[in-house]
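Have a look at the structure below before the remarks.
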There are 2 protein chains.
Amino acid sequence: MSATARPYHHGNLREALLAAGERALETTGAANLSLRELAREVGVSHAAPRRHFADRQALLDALALNGFERFGAQLDHALATAGEDFTTRILALARAYVGFATTRPALIELMFASKHQAGAPPELAQAADRAFAVALAVVVDGQAAGAVVPGDPERLAKIAFALLQGLVAIANNHMLDDQPLDALRDAAVERLLLGFAPR
Amino acid sequence: MSATARPYHHGNLREALLAAGERALETTGAANLSLRELAREVGVSHAAPRRHFADRQALLDALALNGFERFGAQLDHALATAGEDFTTRILALARAYVGFATTRPALIELMFASKHQAGAPPELAQAADRAFAVALAVVVDGQAAGAVVPGDPERLAKIAFALLQGLVAIANNHMLDDQPLDALRDAAVERLLLGFAPR
DNA sequence: ACCTGAACACCGTTCAAGT
DNA sequence: ACCTGAACACCGTTCAAGT
């Protein structure tokens, strides 16, 4: 696995560029990410990335897609290990969501920004839909268990999704002031569940 | 006020650049906004903006600050014309917030992104705080009226703020699917008020 | 099949010089 | 006080040529 000596063919250029790209994303931000800089870091000429990514946007799209895959896996894992109680499940989901998004602020922003760009690969929108489907399923389960009011589950899931996404925005934009994120997130879920509960 | 003939001194360069900048922001996005392009549009040399904005970021900061001022004014106006009923007031606030943010997607993103950048002018953070203070005041009023549970109003206001910011993110990232935004926003406020109400 | 090197058209930023 | 023009160091992208 050691690749200290680099012959003409890098052998692993695509993955190396993605790894360097994700580092650069969180340190300098998507706007300042430079393809030439990544090539330098990885030790190839500035034109070499072209073989693997048609342009800068293609590399950003690949980073976003990769992010969605890990994001979805983390949400699935949280639910799979969460037990059966509805409140516990939705708390587990919220913690996984907020945890992923606040440890990778630039990536989560890129993920949702790339998704709807003109010419974005359809896999991106599909991956985002799969992540949203997890939240939808939880709402449907909650309705079946009588813990959530009846009504369009898509709408209720979008409200829940908005709340989580907003908490992430507050945390990542440094608007928490002195609020600890964990307590704020759990309090938000508590209020949401009360608002979703039948009277 | 006509300035068709442009002598050596533009006379209004700062405002002209800001106006062109806000147009460019919404059409091409902050990442693709080019200072040289703005100078061309406005009819000055590429170095002229330097007199009014130290660098590209300074122009973006000025756009964000201007945005926060209009945003705050719109929120204030919505509350001033909203009557006294708590539910009505919070609905008016939500409509003003979501309305402003979804008609200027790139600006609202820039506003919250610029706010916490290293070296950002302190006026930005202050303007953001003033906008948040509006939401906080509504929560405090709701508690006084007995429509909102007691407890840290900062925390409750942040939850309300997160919900609105998340709705904006969903709308601006094209995740509404077939949900009409107005109905989703009003339903979200309804659920929030139920979750905030004393039992 | 994968990478290099030169070339092109763009940037942001700086600074002496012009009005 | 405000703006221009040349210059510099960077980009992303393209393409013939190398291995």
Side-chain angles (χ1 to χ4, degrees), chain A residues 3-25 27-64 106 110 113-114 117-121, chain B residues 3-25 27-64 106 110 113-114 117-121:
Chain A
T4 44
R6 288 253 178 59
Y8 193 86
H9 288 72
H10 183 283
N12 210 17
L13 184 51
R14 197 190 134 89
E15 277 66 32
L17 287 170
L18 286 174
E22 187 153 346
R23 266 197 311 276
L25 188 63
T27 53
T28 65
N32 298 327
L33 183 147
S34 155
L35 226 47
R36 286 177 102 115
E37 172 71 26
L38 296 186
R40 252 178 261 127
E41 278 179 36
V42 161
V44 294
S45 81
H46 66 264
R50 233 283 174 132
R51 232 356 91 173
H52 304 278
F53 303 102
D55 54 22
R56 203 185 95 107
Q57 188 57 51
L59 185 138
L60 292 175
D61 288 348
L63 287 174
L110 177 71
S114 294
Q117 301 274 324
Chain B
T4 46
R6 289 254 178 58
Y8 193 85
H9 289 71
H10 183 283
N12 211 18
L13 184 53
R14 197 191 133 90
E15 277 66 31
L17 286 169
L18 286 174
E22 188 153 346
R23 266 199 309 277
L25 188 64
T27 53
T28 64
N32 298 327
L33 183 147
S34 156
L35 226 48
R36 287 175 102 115
E37 171 72 25
L38 296 186
R40 252 177 260 126
E41 278 177 37
V42 162
V44 294
S45 82
H46 66 264
R50 234 282 174 129
R51 231 359 88 170
H52 304 278
F53 302 101
D55 54 20
R56 203 185 95 107
Q57 188 57 51
L59 185 138
L60 292 175
D61 287 347
L63 286 175
L110 176 72
S114 294
Q117 300 276 321

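These values consider heavy atoms only, across backbone and side chains, with no hydrogens, waters or symmetry-generated copies. Lettering follows sequence order; numbering is per chain, from 1.
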To the nearest angstrom, how far is [X] atom [atom1] from [N] atom [atom2]?
{"X": "B:N12", "N": "D:dC3", "atom1": "CG", "atom2": "C1'", "answer": "15 Å"}
{"X": "A:H10", "N": "C:dC3", "atom1": "NE2", "atom2": "P", "answer": "8 Å"}
{"X": "B:R50", "N": "C:dA16", "atom1": "CZ", "atom2": "C1'", "answer": "13 Å"}
{"X": "A:E15", "N": "C:dC2", "atom1": "CD", "atom2": "P", "answer": "12 Å"}

Nearest-0.5 Å distance, CG of residue A:L33 to CG of residue A:L38 =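 So the CG of A:L33 and the CG of A:L38 are separated by 5.0 Å.
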B:R40: side chain to side chain donor-acceptor pair (under 3.5 Å) partners, not counting sequence neighbours | B:E37
Nearest heavy-atom neighbours spanning [X] and [Y]:
{"X": "A:A120", "Y": "A:S114", "answer": "CB-O, 3.4 Å"}
{"X": "A:A62", "Y": "A:F53", "answer": "CB-CE2, 3.8 Å"}
{"X": "B:L18", "Y": "B:L59", "answer": "CD2-O, 4.3 Å"}

Scan for side chain to side chain donor-acceptor pair (under 3.5 Å) pairs involving residues 52-63 of chain A, sequence neighbours excluded, and state none if there are none.
->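 Every side chain to side chain donor-acceptor pair (under 3.5 Å) pair that includes a residue of residues 52-63 of chain A, provided the two are not neighbours, is A:Q57-A:D61.
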Name all stems that contain residues of DNA chain C, defined as runs of 3 or more consecutive Watson-Crick or G-U wobble pairs, both distances under 3.5 Å.
->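 Detected stem regions: C:4-8 with D:12-16, C:12-16 with D:4-8.
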Nearest-nucleotide pick for B:R51, side chain only, options being C:dT4, D:dC3, C:dC3 | D:dC3
Given C:dT4, D:dG5, D:dC3, which nucleotide is nearest the side-chain atoms of B:A47?
->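 Selected nucleotide: D:dG5.
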Can you name the atoms? Protein N/O to nucleotides 10-12 of chain C N/O, anything below 3.5 Å, with the distance.
{"residue": "C:dC11", "atom": "OP2", "partner": "B:R40", "partner atom": "NH2", "Å": "2.7"}
{"residue": "C:dC11", "atom": "O5'", "partner": "B:S34", "partner atom": "OG", "Å": "3.3"}
{"residue": "C:dG12", "atom": "OP1", "partner": "B:L35", "partner atom": "N", "Å": "2.7"}
{"residue": "C:dG12", "atom": "OP2", "partner": "B:L35", "partner atom": "N", "Å": "3.4"}
{"residue": "C:dG12", "atom": "OP2", "partner": "B:R36", "partner atom": "N", "Å": "3.0"}
{"residue": "C:dG12", "atom": "N7", "partner": "B:R36", "partner atom": "NH1", "Å": "2.5"}
{"residue": "C:dG12", "atom": "O6", "partner": "B:R36", "partner atom": "NH1", "Å": "2.8"}

Residue pairs, two or more places apart or on separate chains, that pass salt bridge (charged side-chain N to carboxylate O under 4.0 Å, His left out) and touch residues 12-25 of chain B |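 Qualifying pairs: B:E22-B:R70, B:R23-B:E41.
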Counterpart residues, side-chain contact (heavy atoms from CB on, under 4.5 Å), relative to A:N32 (two or more places apart) =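 Result, side-chain contact (heavy atoms from CB on, under 4.5 Å) vs A:N32: A:T28.
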